Every structure is written in structure tokens, then in C-alpha cells.
There are 2 protein chains.
Amino acid sequence: MKQAAKPRPSGNASLEKGLDLFNRIARDRGQTPLAALAAEMGLPRSTLYRLTNALEGAGMIARLERHHYEVGLPLAEALRGMTPESQLARLSRPALRRLASTCGATAHLGVMENDMVTYLVKESAGSVPAEPSFSRENTQLEAYCSGIGKVLLAWLPEEERARYLAGGPFVALTQRTITDPVVLQETLQTVKAEQFARDDGEIADDLYCLAVPLWTGDQRVAAAISLSFARRAEQRREDEGHLAMLRACAARLSIGGDGFFS
Amino acid sequence: MKQAAKPRPSGNASLEKGLDLFNRIARDRGQTPLAALAAEMGLPRSTLYRLTNALEGAGMIARLERHHYEVGLPLAEALRGMTPESQLARLSRPALRRLASTCGATAHLGVMENDMVTYLVKESAGSVPAEPSFSRENTQLEAYCSGIGKVLLAWLPEEERARYLAGGPFVALTQRTITDPVVLQETLQTVKAEQFARDDGEIADDLYCLAVPLWTGDQRVAAAISLSFARRAEQRREDEGHLAMLRACAARLSIGGDGFFS
DNA sequence: CCAAATAATCCCATATTATGGGATTATGAA
DNA sequence: TTCATAATCCCATAATATGGGATTATTTGG
């Protein structure tokens with residue numbers, strides 16, 4: 001269900017129609033015959049036909065057989081080696097770098113993969129050598145003990161979260177690590193209610209971290225970003241400011257400002 | 001250097017300009033600032049600006065920072081899991097299936113990867129269980145002894161071919177396998193001159209195979225397709241007809257007919 | 001810190017361009 | 001063969017993109 005369709009009057013209706021058509025073809029890999037698309041889009045066949053031709057000429061799509069279009073080879077070639085994850089990392093890195101620099105902390109971006117958190121971006125403040133060394137880009141960590149992990153778990157679909165919680169055991173990394181599934185479950189509810197997660201020395205004794213979700217256009221949580229501090233003591237007093245900045249950054253990366261997600 | 005720019009008067013100049021812009025951004029991952037693109041394309045800034053907006057709105061590109069565009073996340077997501085190779089396989093399979101069925105043989109499509117031939121498509125005629133079982137899709141074989149391999153080697157850039165030939169040894173799979181680099185070199189020249197390669201029992205005693213190249217828009221050989229027959233005896237008498245069909249198929253897959261490449 | 005330079009964004013009258021109804025042709029089914 | 005469906009083409013017209021130039025934002029240099 002689409003949320004408030006962008007009313008951006010871009011000024012190039014023709015381009016928009018063409019791109020819309022391309023999106024439809026790309027998303028279902030050309031399963032839908034052209035006639036059906038014409039109906040969906042409320043456009044006459046002749047128009048669709050012309051658009052299709054232009055898309056084909058540009059290498060965006062290719063025609064296989066009757067009623068069958070596909071993403072074109074030139075496009076695939078141009079995008080060689082690109083994955084959604086690598087792209088998300090590229091797109092978010094500048095903002096995370098600024099965030100880290102502003103807050104004098106380390107900023108992370110992570111996504112959920114196979115019940116683990118994969119860190120796609122790690123940006124540390126200024127010249128400070130990356131203080132929290134628990135993470136590295138493109139490596140995975142357990143979800144239950146990190147801020148990003150808790151955010152991602154909190155917004156997991158109901159059944160998946162239940163499955164995760166039942167899947168333990170949750171090994172203690174510090175005295176504060178949450179190891180009881182019931183407590184973890186409650187914590188995740190709090191995360192969802194408060195719209196952020198806190199890791200207060202649950203990975204390493206002096207590590208403190210705040211995390212917030214990134215939203216997609218269709219109201220899913222696609223990733224989470226966090227700020228990590230190497231000194232835990234009294235860190236909470238600064239939560240408010242740091243959360244505000246985290247949220248501003250999240251808004252910019254989510255559908256809000258520039259809107260990387262659909 | 002572009003070869004005879006397609007004069008296809010597609011009827012949607014606006015879409016074409018937008019897609020052209022997208023291509024330029026995608027290909028160099030947004031390295032070129034907008035102003036430079038405007039110059040390249042011979043369009044005023046305001047137009048570029050509008051096009052950029054439309055592309056961004058459709059999720060095709062995203063803006064990172066000043067002067068910095070990037071392929072959009074929605075597009076990356078829509079194309080998740082797609083590689084140029086998988087796409088080439090999808091696009092060419094129907095044509096190869098028809099070819100195999102028409103000729104009562106097995107058709108292959110292969111590309112060069114790390115000095116080996118990777119078979120991306122294997123389609124056998126009708127109900128016949130795949131006769132030549134030397135190959136499987138997505139597996140690699142030595143290049144020097146197969147039809148497809150010889151085609152790909154023949155059109156390799158000069159230095160690469162020299163390096164390959166110096167890299168032996170070339171193990172004999174049958175009595176007929178070419179194992180002498182000098183002979184192989186000569187064979188490749190013949191392939192280039194005749195525009196096709198023949199494997200006459202060089203992989204397995206009774207295996208006969210004809211292969212021709214697939215051309216890209218900029219006159220490179222991107223892949224090769226072949227017809228394999230399980231009975232070698234007297235097969236040559238039918239070469240002419242089979243080559244004609246192979247070439248027709250290659251033309252259709254190359255820039256000719258529908259033109260999957262660029 | 002300000003000023004100059006550069007890039008991005010916006011606006012609007014106009015001509016260029018896409019539009020879509022409908023005719024025609026190709027393809028596949030019966 | 002005939003019918004049904006989809007693809008392709010054509011063209012007068014309305015709608016749309018166009019781009020010159022003004023305005024605003026951002027960066028750079030002094």
C-alpha cells in the first residue's frame with residue numbers, strides 16, 4: 001500500500017512514464033505482458049510501444065520473445081559488481097562520516113543477514129583511530145547484544161522475531177549482556193516503543209552505543225545506524241543530543257530528505 | 001569510438017535524453033559533475049537539472065553530496081542478484097533452444113573467465129537427453145580444446161593470447177587434441193580468418209562442434225555460441241547449413257537483430 | 001569573516017514533442 | 001483456412017519539454 005504518492009511535479013512526464021514502465025519490467029523481470037502493463041498504467045498500447053522502443057534503444061531492456069521483456073545487457077554490464085548492500089554503503093557513507101565527526105564518535109550502518117548483523121559502513125571521528133574495534137566493515141556480529149542488532153530485531157516481522165528468540169543461546173560477552181530470551185523480548189518492545197536502542201556495555205565493558213532505524217518507503221526497517229562511544233560512564237547524559245543527530249541523519253537517509261529508499 | 005550511432009528515430013526524445021544521462025551517471029558511478037555532463041551532451045543546465053530530478057524521483061539515481069550522483073538504491077534492489085552473466089544467459093536461452101531444436105544438436109553459450117571457458121547456457125535438442133555430457137551450465141572447461149574456447153581465444157587481445165599460449169601445458173584429451181602452442185596459434189589464426197572454430201574430436205572421440213563469436217556494439221567478442229554433435233563421422237558435410245544457422249543466431253544475439261549487446 | 005566564483009535551482013513563453021485513436025500487419029490458435 | 005490477439009505504424013493535435021536567463025545556495029580564496 002503506497003504511502004502518500006510523491007506529488008513531485010518533476011516537469012518531465014514523459015521521462016517519468018518511461019522510467020515507471022522500466023521499473024515495472026525490471027521488478028518482475030518481464031513476466032507481465034505488455035498489454036497488462038498498458039492497463040495497469042492507464043496508457044494506450046501505442047504509447048507503451050514507443051516507450052518500450054526507447055527503453056530498448058538505451059539498453060535498459062531487451063526483448064526476448066513475444067510478450068517477454070527483460071533487463072537489458074548493457075544495463076547489467078554498467079551495474080556489474082553492484083549489490084544493494086554495496087550501494088547502500090556508498091550512499092550512506094558521507095552522511096555517516098559527517099555524523100561521526102560531529103559527535104566525536106564512531107558511526108555504523110548495519111543490516112540483518114541470516115540472523116546476524118552485517119556492518120556495511122564504519123566511520124570514525126576525525127583522526128581518532130577507530131576506537132571501538134569490535135566491528136569491521138563487511139563482517140557479521142551477533143544481533144542480540146548490539147544497538148543496531150536490537151533495532152533490526154525489534155522491527156523484524158513477528159514470526160521471525162519469535163523464531164530468533166527461540167533460537168538462542170545468547171552468550172554473555174560482558175556482565176551486562178542480555179542472555180535471557182524473555183528479557184530480550186521485553187527490551188525489543190521497549191526499543192520499538194522508544195524508537196531507538198541502547199547498548200550499555202553489553203558487547204564490551206566500556207562500550208556505549210545508540211541506534212535508530214532507517215525506514216523504507218513502504219514502512220519497513222531496512223537498516224539501522226548507530227553511534228558508538230568508547231567511554232561508557234555518564235554517557236547517558238548526552239543521549240538526547242546524540243539521538244537527535246542520529247534521527248536527523250536517519251531521516252535524511254530514509255524516505256525523508258533525499259530518500260535513498262524507494 | 002562509436003560505430004554508426006543508431007539512427008533509430010524512436011519518437012521519444014525526452015526519454016532518450018534522460019536515459020542517456022542515466023547511462024553516463026551509471027557508467028562512471030557519478031564521477032563526472034553535472035556541469036561537465038551538460039557540456040558533453042550539449043544540453044543546457046536547466047534541462048539536465050530537470051532530467052536529474054526525474055531520474056532521482058524514479059529511484060534510478062541518488063544524490064550523495066554536491067556534484068555527486070550515484071545509482072539509486074531502488075534500482076539496485078530491483079536488480080538484486082542479477083549479474084551480466086546471468087542476464088546474458090536468460091536473454092540468449094530461447095534463441096539457443098530454438099537453434100538446438102532446429103539442428104538436432106546441443107547448443108552452448110560460453111564466455112572467457114580466467115583463461116577458462118564458462119558455459120552459461122546449454123540447450124539440447126528436443127527430448128534427447130543431453131548427448132554431449134562434457135559440459136554443464138556454470139562450470140568451467142579448458143579453452144584450448146573446445147570450439148567456443150577457440151573462438152574466444154582467437155579474438156582475445158594480442159598480448160593476452162600470447163600469454164595464454166605461453167601458459168600451457170595443453171593436456172591431450174584425445175588423440176586429436178591440439179597440444180602444441182605453435183599449432184594452436186596457427187589454428188586460432190585460421191579461426192579468425194574463417195570466422196568460426198571447429199572442434200573435431202578434440203575433447204572426446206566422437207564429439208564434433210562448430211562455434212562462432214557474438215559481437216558487441218564496439219566490435220569486441222563478448223561470448224561464443226556453438227553446436228555440438230555426438231557423431232563425428234562425416235559431420236563436416238553438414239557444416240555449411242549448421243554454420244549458416246549458427247551465424248544467423250549469433251547475428252540476432254549480437255548487435256544485429258535485437259542486439260543484446262550495447 | 002566577507003566577496004567572488006561556481007553550481008544548483010527556478011520560472012515561463014514558446015516551439016517542439018509526445019500523444020493516442022485507429023488502421024495495418026504479424027503471430028498464434030483452432 | 002479463419003479467427004483472435006498482440007505488435008507496429010501513422011499523423012493531426014494538444015500537451016509538454018525546452019532553454020535563456022534570473023535567483024539562490026554553496027564553496028573557495030583572500
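No experiment lies behind these values; they were computed from the predicted model shown. Every chain is numbered from 1 and lettered A, B, ... according to where its sequence line falls, protein lines coming before strand lines.
- When heavy atoms are screened at a 4.0 angstrom cut-off, B:Ser46 is found touching base atoms of the nucleic acid.
- Taking atom CD on B:Glu16 and atom P on C:dT16, their separation rounds to 18 Å, with Å as the unit.
- For the OP1/OP2 pair of C:dT19 and a distance below 4.0 Å, the side-chain nitrogens and oxygens of B:Asn12 include at least one atom meeting the criterion.
- Atom CZ of A:Arg93 sits in a crowded spot, with more than 12 heavy atoms from other residues, nucleotides or ligands closer than 6.0 Å.
- The environment of B:Arg45 atom CZ is sparse: at most 12 non-hydrogen atoms of other residues, nucleotides or ligands sit within 6.0 angstrom.
- Relative orientation of the B:Phe229 and B:Tyr208 rings is tilted, given thresholds of 30° and 60° on the angle between their planes.
- Within the 4.0 Å cut-off from OP1 or OP2 of C:dC11, not a single side-chain nitrogen or oxygen of B:Arg45 is found.
- At a threshold of 4.5 Å between non-hydrogen side-chain atoms, the residues A:Glu137 and A:Val121 count as touching.
- With C:dT9, D:dG19, D:dA17 as the choices, the nucleotide that has an atom nearest any side-chain atom of B:Leu43 turns out to be D:dG19.
- Take the nearest nucleotide of DNA chain D for A:Leu34 and for A:Lys17: the residue whose nucleotide is more 5' is A:Leu34.
- In this structure, A:Leu37 places its CG atom 14 Å from C1' of D:dA7, rounding to the nearest Å.
- Atoms CZ (B:Arg63) and C1' (C:dA8) sit 9 Å apart, rounded to a whole Å.
- Within the 4.0 Å cut-off from OP1 or OP2 of D:dA7, not a single side-chain nitrogen or oxygen of A:Asn53 is found.
- Within the 4.0 Å cut-off from OP1 or OP2 of C:dA18, not a single side-chain nitrogen or oxygen of A:Ser14 is found.
- Looking at the side chain of A:Tyr49, the nearest of the listed nucleotides D:dT8, C:dG20, D:dA17 is D:dT8.
- In this entry the distance linking CZ of B:Arg98 with P of C:dT27 reads 11 Å, nearest Å.
- Summarising the geometry, the separation between CG on A:Leu48 and P on C:dA18 is reported as 16 Å, rounded to the nearest angstrom.
- One atom, CG of B:Leu15, and another, C1' of C:dA18, lie 10 Å apart when rounded to the nearest Å.
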B:Leu21 vs B:Thr52, test: side-chain contact (heavy atoms from CB on, under 4.5 Å). Steps then yes/no.
CA-CA 8 Å; B:Leu21 174 58; B:Thr52 306; 3.8 Å; yes
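- Note on A:Arg50: every side-chain N or O is 4.0 Å or more away from OP1 and OP2 of C:dA18.
- As rounded to whole Å, 13 Å separates atom P of D:dT16 from atom CG of A:Leu51.
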